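What follows is a single structure, written as structure tokens, with notes after it.
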Amino acid sequence: MKTTIVLVTTTLLLVGLLVSTTMNTQQRPREDQCFVCHDMLEDEATVAFRSDVHRSAGVSCADCHGGDRFEEDMDIAMSSAKGFIGIPRDIAISKACASCHDDEERMRNAGYTGPIGQLASLRHSAHAQGTHSGEELVLQCTSCHGAHGIRPVKDPRSPVSPLRVVSLCASCHSDPAFMRTYNPSLPTDQLAKYRTSVHGQRNLAGDPRVTTCVDCHTAHDIKPANETTSSVNAFRLPATCGKCHSDAEYMKPYDIRTDQVSEFTTSVHGIALLEKGDSGSPSCNDCHGNHGAMPPEVTSISHVCGTCHSLNAELFRKSRHKVEFERLGKPECETCHGYHAVQPATEELLSLETNTACGSCHGHERAPVGYRAANIMRGLLDSLQITVALADERLHAAEQKGMEVDDIRYALRGAKQARLQSRTAIHAFDLDVFREVMDPGLLTARNALRDAEAANSEFFFRRYGLAVATLIITLNVILLILYIRRLERKDRAVA
Amino acid sequence: MSNNHEHRRPLRPSTFASAVTDWFDERIGVRTLIDMARKKQVPIHRHSIWYYLGGVTLFLFIIQVITGILLLFYYRPGADTAFESIRFIMTKVQFGWLVRSIHTWAANLMILAAVMHMFSVFLTKAYRKPRELTWITGVLLLALALALGFSGYLLPWNELAYFATKVGTEITGAVPFVGKHMLELLRGGPQVNDATLSRFFGFHVALFPALFTVLLGIHLLLVQKQGMSTPLNIEKKKEVKSIPFFPNFLLRDLLLWLIVLNILAILAVFFPSELGEKADPFAPAPAGIVPEWYFLFMFQILKMLPPKILFVDGDVFGVLLFGLAGLFWLLIPFLDRSSQKGLQSRNFTYIGIAAIIVVLFFTILGWVS
Amino acid sequence: MTEQQVSPTKRSTLIKLLWGGVAAFVAAICYPIFAYLRPPAVSGEKVSSVLVGAVDDFDPGSGVHFRFGNEPGLLVRLDDGSFKAFSATCTHLDCTVQYREDMGLIWCACHNGKFDLRGRNIAGPPPRPLDEFQVLIQGGEVHVKQS
């Protein structure tokens, strides 16, 4: 009887305890009280936050603004004791974002699969330089992504989505007065140029796959083009353009080739730029333009190539090929040299075999005047090359033997220069013009070879001298022998 | 024989010469020397042809001194100027190519002649008493000649010279204990560079020629004093034909010297010294670097030794071996007891022939590989 | 019979010829040696300075080629009368540059490279300025020296 009473009382007490504790917790609400309250107030930020991607992920106002999200009492919830910071300003904004977005573990645990470390990138970018009054960044995360209605990048309503991001960047970068306060030498015509390009036109037409500002410049890590780590630096540009243009799968809907970058890297320009690090060599933008990127038109190719190869372009434009090419609709420069896969031009290029640059148009019966001229010119080129090579070799041999070769070497410079100039002169496609360069060069080379051979056989003088010396010595030897014999005959006679 | 004639005796060459001799004789007594010289006889026999080799070596040395001094007028030591000055001599200085080529060829011929002279002396046992000192000075002269060859080879500062010197001085480092110091002393530092060139220049134009001249003087004096040695089997004969040194033998010597000079000229014209490429310490060594031919046999033997022999490095063993062999060779007069006593010493003849064969064999082997 | 068998004339002919031979030999040795010792036109391998001409030979606003050792050189007299000397080797591909009065600058015919009158590369492919020489005016003569 006693045991029963004890058991029942203990059970009742425990149950009572249990119920009270559960009732107590139920008294603290599980909802985000900030949102609950402010939603009823219907202020702008909270209205926007309704559709924010962070809200669906369970992020609260307090995660950025500080304070206690579960506290109903406003004064307690929004007190500095609870960590409330009010409306953050400047770098505090981005730091608030970065407190999650730069924390890899946290982001991955939350199921986020996108990039991280954006603030760190931003801090090294051009947007961290030249701020007014010493702030750390020119813009904050919210400047582009918005503050409360943030949507995923792919969402077409997001200001940083492909179809809207161009206008977003242009809102600053196309405003000359605004940009002047930061960097007066930066151009502000990028958007206008972009809209003339294929990229810009397709983007306007609603294609989200085509490149926008952030695809080339990167979203957060934007650097000036003259910095070598920039994605749009000349040395890196082929790789940047190649991200799309070398991807056959990606480019399928557009029906254009995807071998441009691979061809470029094997070309003389690509090797100079990417292997030798020669900044004088063109990158993609030097021929295609930066923002207004378009393949150059047939008639304007020579202008593009001619910006560097000016003499060649000038001669070409005055030559008969200019008219002919236009008539045939053949692109200039490209027809003989190619465009992405340009190879070093040697004597070999001036060939009349079928399927060569010249041979594909000129033959015995087809355009025979040109055929004959090309043959002659090739002959002259080969002649010069062989003669110079031979002269060099003979000079080296002569120098080894101790002959005077400096004057001949000096003269040979002229022949070597003629070889270089012939590469340009050929673009006049005129035998007389070509001869003007080649004939003096050939003459110099032949003279040099002749003199080099003479130096080698300067032996003539040496052997002549040797013959004289040998004669004298032999004479003396004979006389000495006679003298010795006479001496000994005398001795023997005496003995 | 009137007095008038005696008063005004015309100074004909013979009287002029004797007047000069008298002048010197009154002061330093040259007539005694001249009389001694007049009496010198050179034995003529089956092997007397070998007597000429010493003279040829001497002649070539004189050629070296003359051409060397001429080269000194234009040569500039220093990594930046040596090669260029040689090129200058070869291309711009009149007969520069001739002087340089003769200098190179005479160096080779001199060592060849010296070696032949040495072996002929060895095989005829001319080193026996009383000519031990002549032998010793001779061996030292040969060593100096090789040193002159080695140091001179670097002076044009071309690729071949640079690497040959590198390899050659590297081997001195193999000598135990003192090797490293010897190497640094030779090179003027741990590497072959500008400092080495300066040092070798000093060796080649000053130190070694000075030592050579002193030893040569002693060597020649001894030869003059003791006369030519006759081989043992001929010495036994009572009747040994001989000719006077002055003027007969000397004239024959001169004859041979003229012919040697002509040979030098022919070699210089048809096989002139080449410039080569300027030495570049940072370029990799070209394949097949070999030292000059007179070091080839030692180089080849060193190449063929196994990396380790017993408990010593192959190189160290080789270097010690050569050192010992050289010492043995130097002390031959004292080791060949039989010839000291004036007896035939067949064993040492065999040793000599063996030495010749070894040297020839390894030289040829080194040449073809 | 034990007397000298050779006639005196033969003896003296031989001696005369021998002395003649010796003289020829000595000459054949001495000639090359003296020729060797005579200093050659250029004092050493490296040319250190070159005399180009008299000051009055050059008009202001003109340029003239000269040879400096094994290199071509360009001497330019500016409008103000001062002189400038450069190595005429183009820094692009070693062609020989020239002074163009019509352009008022130094031009390379090979690839249209342009240098201003201070030798700086201002247009075209040349990657570096021209190497400059030092000009010294001594006694009314223009000397060009390695700088």
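Below, chains carry the letters A, B, ... as their sequence lines are ordered, and counting in each starts from 1. Note that the structure is a prediction, hence the values are computed from the model and not measured.
Among the candidates C:Pro72, C:Pro32, C:Ala24, the residue making the largest number of heavy-atom pairs closer than 4.5 Å to chain A is C:Pro72. Note: C:Cys95 leads C:Cys90, C:Pro125, C:Cys95 in heavy-atom pairs under 4.5 Å with chain A.
Within 6.0 Å of the CZ atom in C:Arg100, the count of heavy atoms belonging to other residues, nucleotides or ligands exceeds 12. The number of heavy-atom neighbours closer than 6.0 Å to OH of A:Tyr483, taken from other residues, nucleotides and ligands shown, is 12 or below.
Listed for the A:Gln417 side chain is no donor-acceptor partner under 3.5 Å among the backbone atoms of C:Cys110. At distances below 3.5 Å, at least one donor-acceptor pair connects side-chain atoms of A:Asn476 with backbone N or O atoms of C:Gly21.
Checked options C:Leu14, C:Leu17, C:Leu18; the residue passing with A:Leu482 is C:Leu14 (criterion: side-chain contact (heavy atoms from CB on, under 4.5 Å)).
At a 4.5 Å heavy-atom cutoff, C:Pro127 makes no contact with chain A through either its backbone or its side chain. Interface remark: A:Tyr410 contributes side-chain atoms only to the contact with chain C (heavy atom separation under 4.5 Å). Using a 4.5 Å cut-off between heavy atoms, A:Arg409 does not touch chain C at all.
Using a 4.5 Å heavy-atom threshold, the side chains of C:Phe25 and A:Leu475 count as separate. Using a 4.5 Å heavy-atom threshold, the side chains of A:Asn312 and C:His111 count as separate. Put simply, the side chain of C:Arg67 reaches to within 4.5 Å of the side chain of A:Asp407, judged on heavy atoms.
For the atom pair A:Leu420 CG and C:Leu93 CG, the distance stands at 5.5 Å (nearest 0.5 Å).
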Test side chain to side chain contact (heavy atoms under 4.5 Å, CB included) on A:Lys416 and C:Thr96; report intermediate values, then the result. CA-CA 10 Å; A:Lys416 293 182 175 170; C:Thr96 304; over 6 Å; no
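Not counting sequence neighbours, A:Phe264 has no partner by the ring-ring contact (aromatic ring centres under 6.0 Å, His included) test.
Among all heavy-atom pairs drawn from A:Ile472 and C:Ala28, the shortest one is CD1-CB, 3.7 Å.
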